[in-house]
Amino acid sequence: MAKKIRPPKPETLPPTREAILRFVAEHPTKGSKREIARAFDVTGDARIVLKQILKELEGEGLIERHHRKIALPGALPPVLVCEVISRDGEGDIFAEPVKWNEETDGPPPRLLVITPRGKRTRSERTPGIGDRILAKVSDMPRGYEHVARAAVRVIKLLDRLPTGIVGVFKSGPGGGRIVPVSRKQTEMIVDAEHAGDAVDGDLVTVEVHRIGRYGLPSARVREVIGSMKSERAVSMIAIHANEIPHIFPDAVLAEAAEAEPASLSGKREDWRDLPLVTIDPADAKDHDDAVHAEPDSDPANVGGHIVTVAIADVAAYIRPGTALDKEALKRGNSVYFPDRVIPMLPERISNDLCSLREGEDRPALAVRMVFDAEGHKKRHSFHRIMMRSAAKLAYAQAQAAIDGHPDDKTDVLLEHVLKPLWEAYRCLGRGRSAREPLELDLPERKILLKPDGTVDRVVTPERLDAHKLIEEMMIQANVAAAETLEAKRSPLVYRVHDQPSLAKLESLREFLSTMDLKLAKQGNLRPGQFNTILAKAADTENAHLVNEVVLRSQSQAEYNPINIGHFGLNLRRYAHFTSPIRRYADLIVHRALIRALGLGDDGLPDGMEDRLERIAADISAAERRAMTAERETVDRLVAEWLSDQIGSTFRGRIAGVTKAGLFVKLEGSGADGFVPASTIGADFYAYDEARRALVGNRSGETFRLGDTVDVKLVEVAPLAGALRFEILTEGRRGKPVGDKRLARRADKRGKTPPGRAPGPRGRARG
């Protein structure tokens with residue numbers, strides 16, 4: 001009997017790009033070409049097409065290859081070190097990566113920790129809060145997708161986190177408990193014998209003493225920081241939680257006290273007759289920059305201007321290798337809180353000897369720049385000078401004079417000092433317009449405090465031309481510094497800003513397409529292309545949203561001895577030169593200029609080339625640390641301010657969308673709070689990454705990034721700076737997700753199918 005011939009198996013089509021990206025994101029352990037082909041049943045010639053698609057995705061930066069593994073950019077590595085941060089009521093353990101850049105990659109992902117099953121040895125004990133573990137990324141168990149981004153399996157239990165946890169001691173029978181300031185930590189109990197000198201309401205640091213599988217961990221008080229009833233307690237939380245140096249060692253203070261005023265000698269030129277003026281915030285205590293401008297009298301430069309920027313000569317007081325220098329490098333920068341400043345340098349230096357005070361002789365490093373009528377810099381020169389500020393002005397004061405409302409001080413300066421400055425600013429503005437830097441419109445909020453240190457109100461200061469004038473002149477001075485040092489082949493620390501990654505650009509394009517806005521794919525990327533998008537969105541309800549999303553697509557600026565340019569400012573060379581009182585990077589640039597131009601013996605020392613990479617990394621990290629501390633302090637102050645308004649209704653805007661829920665920013669105060677997805681309504685809401693939205697599985701109800709919503713404040717955690725809202729506004733109408741798995745999950749979690757019963761907002765779903 002003849003053997004029956006089976007017909008060949010029909011070849012399947014290769015998966016789409018979107019399907020591949022979704023598979024790689026959802027299956028971190030199966031990211032290989034073979035696994036992808038198996039998942040989509042790709043056979044025959046379709047494998048060649050699949051290979052080509054993967055090459056295209058890799059070339060566009062949408063996937064990365066790690067040996068044979070394929071992953072999304074910014075995805076978790078296969079093996080990583082995590083810190084255990086919490087355990088829920090059901091005993092599930094959660095962790096976060098130890099190394100994570102929140103500025104570029106967003107909040108650290110919450111990871112479900114899967115512990116070994118069966119009988120375990122002592123070394124394989126269940127990890128507790130504060131423990132560090134070496135873990136391997138694993139597939140997520142079914143039903144946990146809404147509570148964690150990924151799952152990790154414990155490979156090895158490492159050391160316990162050595163640094164102290166910051167919290168508030170609440171006394172009670174037999175000792176007390178610790179309410180941690182971090183929203184990542186859980187409460188801890190303290191036995192009387194481990195409470196030390198702490199009394200009720202003290203801010204303390206503690207270390208974990210004992211952890212059981214169930215119940216609260218036990219802690220021991222290491223240090224009493226101070227009472228939470230003090231005026232500056234909130235900023236002290238951020239200072240200690242982020243380990244910001246805030247007490248100057250005696251040796252540093254002694255060096256500052258012994259410093260003598262710089263004299264007019266050596267290479268220093270006498271510029272005391274030039275009417276330089278400082279223009280700063282009204283409450284500024286130190287003044288490190290002064291400006292002057294005049295029309296260029298050169299007949300070959302009609303319509304041009306000469307702009308002078310003078311910067312406090314900090315290098316004259318802070319010599320390399322001294323105690324002052326080492327402490328400044330350790331701090332990296334000054335940190336600004338609403339109630340205090342943690343300076344990089346002692347007040348004797350920052351507020352006295354280096355501050356360009358009105359009417360007092362001060363040493364400075366100045367750059368004189370010549371611009372043509374179109375605002376293009378023709379040439380510049382650096383000088384080490386002695387200056388005398390003609391006036392200390394506030395931004396609003398200088399602006400009022402230009403607007404026709406001078407006061408007694410600005411009246412005498414108006415014609416020969418202020419008007420020439422504004423004429424030069426208009427000239428520089430033409431050059432700026434031609435350069436087309438990124439022009440984001442995101443006003444910053446400012447917190448005004450009462451005498452007792454609590455919030456009085458939150459305001460958004462007006463953006464004046466006086467602010468823009470100083471900003472543009474400082475930018476040009478920074479460019480001149482970088483150009484000079486590069487021409488002299490001098491080592492320096494650049495301020496660099498890379499262009500957005502291809503992955504972020506692709507994500508941005510997908511989102512903008514939902515608003516009928518297009519970002520070109522071809523050609524060299526320029527900031528002007530973003531400005532075109534921003535201009536189209538201006539004066540629409542989505543203007544603020546588009547500015548926010550464009551900002552999030554950008555890379556983070558940093559310090560680096562290797563120059564890659566500054567994308568946001570659209571500049572090829574850029575270095576920070578204008579604030580050496582509060583940034584160590586600027587002090588390095590000052591020293592480099594002094595050495596390269598032969599302006600003294602206190603310039604950059606020999607052998608710095610080998611150290612600059614590490615220094616740049618350290619001061620970049622210090623900058624991120626300061627930004628985190630400043631943001632956390634603002635969040636805590638605002639949360640405390642709103643703590644007596646639980647139950648109140650607010651208007652806000654959805655500022656972030658994740659699988660876990662919505663982040664809402666309130667109008668006016670700018671306070672940020674969270675709406676858990678599980679509390680939104682009777683439906684189950686799935687995350688739509690392309691639209692930056694949560695979409696109802698059955699109803700199609702959609703909550704999208706940027707939507708204006710009404711919310712009710714239901715919970716406040718002032719110590720953590722956390723707010724929880726309940727959403728009151730109905731979402732947009734949309735297409736249901738229709739995922740049966742989500743429907744089953746919704747039923748298990750008690751979500752009512754549409755039409756049966758009203759949801760939490762008192763309306764039926766359907």
Query - Electrostatic pair Arg132-Glu83, nearest N-O below 4.0 angstrom - result: no

Requested in this report: Inspect the surroundings of CD in Glu439 and state if more than 12 heavy atoms from other residues, nucleotides or ligands are less than 6.0 Å away.
Outcome: yes

**Report entry** Side-chain donor or acceptor of Asp586 paired with backbone N/O of Thr578 under 3.5 Å
**Finding:** yes

Query raised in the report: Is the number of heavy atoms from other residues, nucleotides or ligands within 6.0 Å of CZ (Arg611) greater than 12?
Result: no

Query - Centroid-centroid under 6.0 Å between His590 and Phe577 rings - result: yes

Query raised in the report: Would you find more than 12 non-hydrogen atoms of other residues, nucleotides or ligands less than 6.0 Å from Glu360 atom CD?
Result: yes

Requested in this report: Could you tell me the separation between the CG atom of Leu502 and the CD atom of Gln499, rounded to the nearest 0.5 Å?
Outcome: 7.5 Å

Requested in this report: For Leu442, look at atom CG and say whether over 12 heavy atoms of other residues, nucleotides or ligands are found less than 6.0 Å away.
Outcome: yes

Query - Check: Glu255 side chain, Ala323 main-chain N or O, donor-acceptor pair, under 3.5 Å - result: yes

**Report entry** Separation between OG1 of Thr205 and CD of Glu243, rounded to the nearest 0.5 Å
**Finding:** 10.0 Å

Query raised in the report: Could you walk me through whether His383 and Glu269 pass the side chain to side chain contact (heavy atoms under 4.5 Å, CB included) check?
Result: CA-CA 7 Å; His383 309 260; Glu269 304 171 37; 3.0 Å; yes

Query - Pair His287, Asp280: side-chain N/O donor-acceptor within cut-off below 3.5 Å - result: yes

Query raised in the report: Arg625 and Asp618: salt bridge (Lys or Arg N to Asp or Glu O under 4.0 Å), yes or no, with the steps?
Result: CA-CA 10 Å; Arg625 177 183 66 188; Asp618 287 346; over 6 Å; no

Query raised in the report: Is Arg583 paired with Glu623 through a side-chain N to carboxylate O contact shorter than 4.0 Å?
Result: no

**Report entry** Sole residue of Leu356, Thr308, Asp273 in side-chain contact (heavy atoms from CB on, under 4.5 Å) with Met387
**Finding:** Leu356

Query - Distance under 6.0 Å and angle within 45° of ring axis: Arg348 vs Tyr317 - result: no

Report task. Using side chain to side chain donor-acceptor pair (under 3.5 Å) as the criterion, point out the one residue from Lys488, Lys377, Arg572 that pairs with Glu483. Result -> Lys377

**Report entry** Interatomic spacing from CZ in Arg435 to CD1 in Ile475 - rounded to 0.5 Å
**Finding:** 6.0 Å

Query raised in the report: Quick one: CE on Met369 to CE on Met473, what's the gap to the nearest 0.5 Å?
Result: 7.5 Å

**Report entry** Under-4.0 Å salt bridge between Glu506 and Lys504
**Finding:** no

Requested in this report: Keeping the roles fixed (side chain from Asp313, backbone from Leu365), state whether a donor-acceptor pair exists under 3.5 Å.
Outcome: no

Query raised in the report: Is any side-chain heavy atom of Leu612 less than 4.5 Å from a side-chain heavy atom of Ile588?
Result: yes

Requested in this report: Look at Asp352 together with Arg362 and state whether they make a salt bridge at an N to O cut-off of under 4.0 Å.
Outcome: yes

Query - Partners passing side-chain hydrogen bond (donor to acceptor under 3.5 Å, both in side chains) against Asp270 (at least two apart in sequence or in another chain) - result: Arg272

**Report entry** Ionic contact status for Lys378 with Asp372, cut-off 4.0 Å
**Finding:** no

Query raised in the report: Under 4.0 Å between a Lys/Arg side-chain N and an Asp/Glu carboxylate O for Arg432 and Glu472?
Result: yes

Report summary line: For Glu632, the side-chain hydrogen bond (donor to acceptor under 3.5 Å, both in side chains) test, sequence neighbours excluded, returns Asn242

Requested in this report: Please round to the nearest 0.5 Å and tell me the distance separating atom CE of Met236 and atom CD1 of Ile342.
Outcome: 7.5 Å

Query - Neighbour count >12 (heavy atoms, 6.0 Å) for atom NZ, Lys326 - result: no

Report task. Check whether any side-chain heavy atom of Val81 sits under 4.5 Å from a side-chain heavy atom of Ile133, and report yes or no. Result -> no

Query - Exam field: side chain His467 to backbone Leu464, donor-acceptor pair closer than 3.5 Å - result: yes

Requested in this report: Tell me whether the guanidinium CZ or amine NZ of Arg384 lies under 6.0 angstrom from the six-membered ring centre of Trp271 and within 45° of its axis.
Outcome: no

Query raised in the report: How many angstroms lie between atom CG of Leu421 and atom CG of Leu393, to the nearest 0.5 angstrom?
Result: 9.5 Å

Query raised in the report: Would a 4.5 Å heavy-atom cut-off, applied to side chains only, mark Met627 and Asn333 as touching?
Result: no

Requested in this report: Compute whether any side-chain donor of one residue and acceptor of the other, for Asp296 and Asn301, lie under 3.5 angstrom apart.
Outcome: yes

**Report entry** Whether Arg595 side chain and Leu604 backbone form a donor-acceptor pair below 3.5 Å
**Finding:** yes

**Report entry** Carboxylate-amine/guanidinium proximity below 4.0 Å for Arg445 and Asp635
**Finding:** yes

**Report entry** Heavy-atom check, side chain of Asp286 versus side chain of Val341, under 4.5 Å
**Finding:** no

Requested in this report: Would you list the pairs meeting side-chain hydrogen bond (donor to acceptor under 3.5 Å, both in side chains) in which at least one residue belongs to residues 559-571, sequence neighbours left out?
Outcome: Tyr559-His576

Query raised in the report: Would you say the side-chain atoms of Ser235 and Asp339 include a donor-acceptor pair closer than 3.5 Å?
Result: yes

Query raised in the report: Counting only heavy atoms not in Arg319, do more than 12 fall under 6.0 Å of its CZ?
Result: yes

